[in-house]
Q: 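Structure incoming, see below.
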Amino acid sequence: MLIKNVVLKSFTLFSLSFALTLSTSAIANEQVQNMQILGDKIEFLTKKLVGRIGVAAQEISTDRVISINADETFPMASTFKIATAVALLELVDQGKLSLDLYVEITPDMMVAGPNPIVQNFIHPGVKLSVANLIEVMITESDNTAAEVCLELAGGPVAVTQMLKRIGISKQSIDRYGTELLQDFYALPNKGYAAAVIEAMVKDPSLAAKIPNMNPTFERDSRDQTSPNAMLDLLLAIDGGEVLTDTSRAFLLTAMTHTRTGNSRLKGLLPKGTPVAHKTGTLGGIANDVGFITLPDGRRYAIAVYTKGSTTREADRERAIAEVSRAIFDYYYLNQ
């Protein structure tokens with residue numbers, strides 16, 4: 001009788017294990033099918049709006065990852081400013097720099113772009129704290145602030161080394177913003193405001209090139225990231241792998257104040273959805289990356305990149321909005 005009981009018990013455990021395996025397999029298959037449906041939906045929604053799109057998203061504290069062309073590299077444009085902020089805030093955490101440090105911004109430091117500093121402070125005598133520089137670099141994508149922040153962080157090499165140290169190899173910052181502008185628009189000098197104004201006076205056709213795709217620039221391997229690499233950076237920030245709690249909160253709060261790209265990640269989401277993000281725009285490139293909070297409080301990180309687009313900026317922004325809403329619905333409906 002004892003042997004019989006042991007055998008029956010073993011059979012019962014085996015049956016339970018087999019049932020669980022079948023159940024897990026069924027769930028996995030359903031997830032794969034849902035993911036395929038989502039991928040097809042995103043391809044359909046963005047097909048005529050952008051040239052090439054890359055997407056990576058992951059619900060925080062889970063392994064629920066969405067990946068579309070996510071290992072392919074894309075030009076970062078201004079999304080490089082997130083890594084710059086992290087590298088700079090690390091120096092603050094280490095006591096090597098203070099958010100209260102004031103930096104003088106002279107006219108020759110002003111960088112081209114429709115940014116608050118170059119537009120609003122046309123006279124000498126401007127000093128901004130490191131905290132304000134980071135804030136305006138993120139919220140307004142200010143190029144002058146980014147140039148100063150990148151220099152304070154140790155330059156492109158130092159920021160890329162920080163990325164590699166935390167295990168991110170498919171994202172690199174190789175040039176200052178002034179060098180990016182110089183290369184993109186084939187300017188004779190770095191893209192400081194005075195140099196760009198001078199170049200446009202000599203060649204008025206430069207203004208017409210501002211929203212256009214530059215295939216040569218997009219093929220350049222410098223200053224690129226894969227969506228997965230940016231996702232890894234976002235998760236590292238949120239998970240405390242880099243930065244203290246104080247610096248993490250500072251950066252994420254700044255990202256919630258972002259005023260650029262309201263038609264991108266936020267464009268089609270339910271009104272009032274919390275979004276902390278950073279945009280990137282250069283020529284035909286439109287990007288947006290960050291964190292989105294679902295109605296039930298769950299959060300996910302998301303990175304959407306585009307390239308090779310000959311469409312209008314409004315179309316490229318619509319593509320990002322469509323992707324954002326499709327992923328929002330996927331995570332919300334698949335709890």
Side-chain angles (χ1 to χ4, degrees), residues 37-57 66-70 72-82 112-115 139-141 143 180-181 183-185 205-220 223-228 230-231 255 258-271 273 275-292 300-331:
I37 292 170
L38 176 63
D40 292 343
K41 181 179 181 180
I42 287 174
E43 182 180 3
F44 173 77
L45 291 171
T46 63
K47 192 173 184 180
K48 296 180 180 179
L49 298 174
V50 291
R52 185 76 169 168
I53 198 161
V55 181
I66 294 166
S67 176
I68 300 169
N69 302 322
E72 188 175 331
T73 55
F74 291 77
M76 293 182 72
S78 285
T79 63
F80 83 87
K81 294 167 185 175
I82 292 180
N115 308 133
T139 62
E140 299 281 1
S141 204
N143 289 335
L180 282 171
L181 293 172
D183 291 345
F184 188 91
Y185 296 111
S205 68
L206 278 177
K209 297 178 182 177
I210 290 175
N212 295 340
M213 178 182 69
N214 183 331
T216 302
F217 179 88
E218 291 190 11
R219 286 194 297 268
D220 193 323
D223 298 287
Q224 298 219 359
T225 185
S226 68
N228 271 337
M230 179 54 78
L231 179 66
M255 291 172 68
T258 292
R259 288 182 281 276
T260 58
N262 286 331
S263 298
R264 298 187 188 183
L265 286 180
K266 298 168 71 173
L268 294 175
L269 295 182
K271 188 175 181 179
T273 298
V275 179
H277 66 125
K278 178 71 198 80
T279 57
T281 309
L282 186 59
I285 300 160
N287 308 323
D288 205 357
V289 308
F291 301 90
I292 295 174
Y300 59 93
I302 180 171
V304 185
Y305 282 89
T306 72
K307 63 181 178 181
S309 302
T310 56
T311 52
R312 301 174 306 151
E313 183 175 353
D315 292 332
R316 301 190 293 269
E317 292 189 327
R318 177 71 185 207
I320 295 173
E322 293 284 7
V323 169
S324 179
R325 182 56 193 250
I327 291 175
F328 179 92
D329 291 344
Y330 172 83
Y331 280 133

Q: Counting C-beta onward and ignoring hydrogens, is there a side-chain heavy-atom pair between Leu180 and Phe217 closer than 4.5 Å?
A: yes
Q: Rounded to the nearest 0.5 Å, how far apart are CG of Asp40 and CG of Leu45?
A: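 Here the interatomic distance stands at 10.5 Å.
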Q: To the nearest 0.5 Å, how far apart are OH in Tyr185 and CD1 in Ile210?
A: 5.5 Å
Q: Which distance, rounded to the nearest 0.5 Å, do you find between the OG1 of Thr139 and the NZ of Lys278?
A: 9.0 Å
Q: If you look at every heavy atom in Thr311 and Leu49, which pair is closest and at what distance?
A: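 Here Thr311 and Leu49 meet closest at OG1-O, 2.6 Å.
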Q: If you define the side chain from C-beta out and look only at heavy atoms, does anything of Val289 sit under 4.5 Å from Tyr305?
A: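 Contact flag for Val289/Tyr305 side chains = yes.
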Q: Would you give the length of the straight line joining atom CG of Asp315 to atom CD1 of Ile320, rounded to the nearest 0.5 angstrom?
A: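 Rounded to the nearest 0.5 Å, the CG-CD1 separation comes to 11.5 Å.
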Q: Of the non-hydrogen atoms in Gly283 and Phe184, which two are nearest, and what is the gap between them?
A: CA-CZ, 3.3 Å
Q: Looking at every non-hydrogen atom in both residues, tell me the closest pair between Ile285 and Pro75 and how far apart they are.
A: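 Shortest heavy-atom contact: CD1-CB, 3.5 Å.
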Q: Which atom pair, heavy atoms only, marks the closest approach of Asp288 to Thr279?
A: OD1-CG2, 3.5 Å
Q: Please name the residue in the list Leu265, Ile327, Thr79 that meets the side chain to side chain contact (heavy atoms under 4.5 Å, CB included) test with Val304.
A: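 When Leu265, Ile327, Thr79 are each tested with Val304, the side chain to side chain contact (heavy atoms under 4.5 Å, CB included) holds only for Leu265.
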Q: Got Glu317 and Thr306 here, is their nearest side-chain heavy-atom distance under 4.5 Å?
A: no
Q: Sequence neighbours excluded, which residues qualify as side chain to side chain donor-acceptor pair (under 3.5 Å) partners of Thr281?
A: Arg264
Q: Within the structure provided, determine whether Tyr300 and Ile66 are in side-chain contact (heavy-atom separation under 4.5 Å).
A: no
Q: With a 4.5 Å cut-off on side-chain heavy atoms, are Phe74 and Ile53 touching?
A: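 Ile53 vs Phe74: side chains apart.
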Q: Do Leu282 and Leu181 have side chains that approach each other closer than 4.5 Å (heavy atoms only, starting at C-beta)?
A: yes
Q: Charged N to carboxylate O below 4.0 Å: is that the case for Glu322 and Arg318?
A: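 Yes, charged N to carboxylate O under 4.0 Å.
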Q: Rounded to the nearest 0.5 Å, how far apart are OG1 of Thr73 and CG of Asp223?
A: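 Separation between the atoms: 11.5 Å.
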Q: When rounded to the nearest 0.5 angstrom, what is the spacing between CZ in Arg316 and OG1 in Thr310?
A: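 That separation rounds to 9.0 Å.
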Q: Arg325 versus Asp329: any side-chain heavy-atom pair under 4.5 Å?
A: yes
Q: Indicate yes or no for a side-chain donor-acceptor contact from Thr258 to the backbone of His277 under 3.5 Å, with no hydrogens or angles considered.
A: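 At least one qualifying donor-acceptor pair exists.
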Q: Which pair of non-hydrogen atoms, one from Glu140 and one from Arg259, has the smallest distance, and what is that distance?
A: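 Result for this residue pair: OE2-NE, 2.7 Å.
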Q: For a quick test of reading the model, state the closest non-hydrogen atom pair linking Met255 to Gly290 and the distance between them.
A: CE-CA, 4.1 Å
Q: Are Ser141 and Ser78 close enough that a side-chain donor and a side-chain acceptor fall under 3.5 Å?
A: yes
